[in-house]
Amino acid sequence: MDMAENGTSVSIQELSLNFGAVSVLKTLNLDVAEGEFIVLLGPSGCGKSTLLNCVAGLLDISEGRIFIKGKNVTWEEPKDRGIGMVFQSYALYPQMTVEKNLSFGLRVAGLPKDEIAKRIARASEILQIEPLLQRKPAALSGGQRQRVAIGRALVRDVDVFLFDEPLSNLDAKLRSELRVEIKLLHRKLQNTMIYVTHDQIEAMTLADRIAVMKGGVIQQLDAPQTIYNRPVNRFVAGFLGSPAMNFIDGRLEKDKGDWHFTVEDVRIPLSTYAFEKEPVPGPAVFGIRPEHVAFNSGTGWPFTADATVEVVEPMGSDTLVWLKLGKQNFTVRVTSERTPRNADAVSIGFDPMRASLFDAQTGSRL
Amino acid sequence: MQRSWRHRFHLPAVIGTIPMILVAVGVFVIGIGFSLLWSFTSSKLFPSYDFVGLAQYRRLWADNRWLVSVNNIWFFGLMSIACNMVFGYLLAVFMDQRIRQEDLFRSIFLYPFAMSLIVTGLVWQWVLDPNLGLQAAMRNLGWSSFSFAPLVDANTAIYALVVAGIWQGSGVTMAILLAGLRGVDEEIWKAARVDGIPTWRTHVSIVAPMMKGAFATAFVLQCVGVVRVYDLVIAMTGGGPGIATSMPAVYVIQLITVRQNVGQGMAAATMMLVPVLVVLAFSGLVLWRRKRRQEAAT
């Protein structure tokens, strides 16, 4: 997405947050383009929700500045920032009907009645909650409650939507349904959205760009496919993908001008691998995703090896096969038709072009 | 039949509750029965069975002392319950600000409730006694015209009782309401802030309605405390000056033990039971109707 053309909607500059001596967010920078869908992804405790709360103004930051629509809102109240927020627990006001939930903030702000009615009508039409308007939250299902919570952000008529793990309290089926609805909503409204989740599927499916966070630092900010295929470090590589990427500890060696990755007596040629920086011989970690490995029919692969099958897990659409490659554990994802049996000796092959190499010490991509 | 009886009443449970059942039947049911019975008799120092119909009730409602007592309990009840709720809620809000030493403050606020009213009442009496307490202390410090003796003035003694009642009861109210406040999801507060709802408005319109249960519990506890208020009055004023701070419970005990008029005392005690029965019947009705509505809904 071109920033200059679309303009920046949310800009976080040099943001730090400390709770006493504990540093939760460390000099963080993030620019979100107008209309962009950004997902903050990371394990619990990585600071993603904290960052969202800082953007919302629910937490006072220690250092740095936050701009929304070009306006410095670092010390503004949440209501004056032009944001709407959706929470994990829905946070609906339980004693009020859906309609009052939607209108309460507007009435307190002193908006004229017909304007409030117009906004509620629009929001409830978009979210299809018109039949629920006179009900109380207790009489709604989880999915309906979350829709009302989105509606409450919608009636505020804001530029930026903030979602704090909005689907985490729902069951798997509803989650995938609402995921699609949120995507449709984004397409319809074209608003800027910042979405916090620990669910990599939500992140991959929803985001224009994903910011993978760990320890209060953004590890990588990129389009989902880039993050998936070219993770900048071992943490990002391991966090995305299920089952996780296969990691093999070994050595990087140069032989007659060609680079190789060696572990025990296995030698993986790296002639097709695109190095990020000039490689140096020494310890390294080789990573390859389970779906990038195939049971080979003998031809065409730059690298093949023999392995033994340990466990086979049929998943319906495809099958996970847990292998032993020498002494290394190895996972392969194949289509169901090509499933080997337990304890079979098989031959596997992959193209190192699809692999990722990491520095053994720093974990950053080579 | 046999089977269902056993199914419903487990023997150990029945044995375990027998003492409680005996106490409940013996003290409450039989005791209340006899009170009612003797309230229709002309019993004096000892109970007799000389029935006089409603004569004791007529005499009771013609007795100025009883009328003052009834007036006092209304005033004391309304004032102390209202103030208790307000103070208790404010204290709970204060405690909910993640203050340091929360445990210490909670102990301090709850302490009055943990002590006997006889003790706290006595302490209040000393503090308010013109010859011992605040007034004497201020005069000894040199402010010789200082005058503060609410307990000896018939017009102000009841206020002193109210203040002592608030001091004694607001800690418990705070503890109950604090638990209720802590039960409110933090995200509700965040949502209200994003919606731009002022803090006081969030309390009034969103949080307080969510705490209905906690308020009801605190209210019932306060009501019970008011109806049976006796020791506080005895310790602080003894019902005086004159009859200015007499309360129904004080009146009943005095009639039975001092004025040796068991019949009229029992009539007064029965009158004290009436509001309790009314409240019980009302809450029973509300519960019954709610249950019926739920059954109708399912």
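Sequence lines set the chain letters: A, B, ... in the order given, protein chains first and strands last, and positions in each chain run from 1.
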Name every donor-acceptor pair, under 3.5 Å, that has one atom in a side chain of residues 61-68 of chain A and the other anywhere in the protein, sequence neighbours excluded.
residue	atom	partner	partner atom	Å
A/Ser62	OG	A/Asn18	N	2.8
A/Arg65	NH2	A/Gln13	OE1	3.2

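- Ranked by heavy-atom pairs under 4.5 Å with chain B, the list A/Ala56, A/Pro94, A/Ala153 is led by A/Pro94.
- Heavy-atom pairs under 4.5 Å with chain B were tallied for A/Val155, A/Val108, A/Leu58; the largest tally goes to A/Leu58.
- Looking only at distances, a side-chain donor or acceptor of A/Gln146 sits under 3.5 Å from a matching main-chain atom of A/Pro166.
- Chain B forms more heavy-atom pairs under 4.5 Å with one residue of A/Asp164, A/Leu106, A/Asn53 than with any other, namely A/Asn53.
- Contacts with chain B were tallied for A/Phe104, A/Phe87, A/Tyr90; A/Phe87 has the most, counting heavy-atom pairs under 4.5 Å.
- With a 4.5 Å cut-off on non-hydrogen atoms, A/Asp80 does not touch chain B at all.
- Listed options A/Arg152, A/Arg81, A/Arg107 were ranked by heavy-atom pairs under 4.5 angstrom with chain B; first place goes to A/Arg152.
- A salt bridge links B/Arg182 and B/Asp96; the closest N-O separation between the charged side-chain nitrogens and carboxylate oxygens is under 4.0 Å.
- Partners of B/Asp103 under the salt bridge (charged side-chain N to carboxylate O under 4.0 Å, His left out) rule, at least two apart in sequence or in another chain, are B/Arg106.
- Proximity to chain B (any heavy atom under 4.5 Å) is shown, for A/Leu162, by neither the backbone nor the side chain.
- Both tests do not hold together for B/Arg193 against B/Trp189: distance to the six-membered ring centre under 6.0 Å, angle to the ring axis within 45°.
- Atom CH2 of A/Trp75 is surrounded by more than 12 heavy atoms from other residues, nucleotides or ligands within 6.0 Å.
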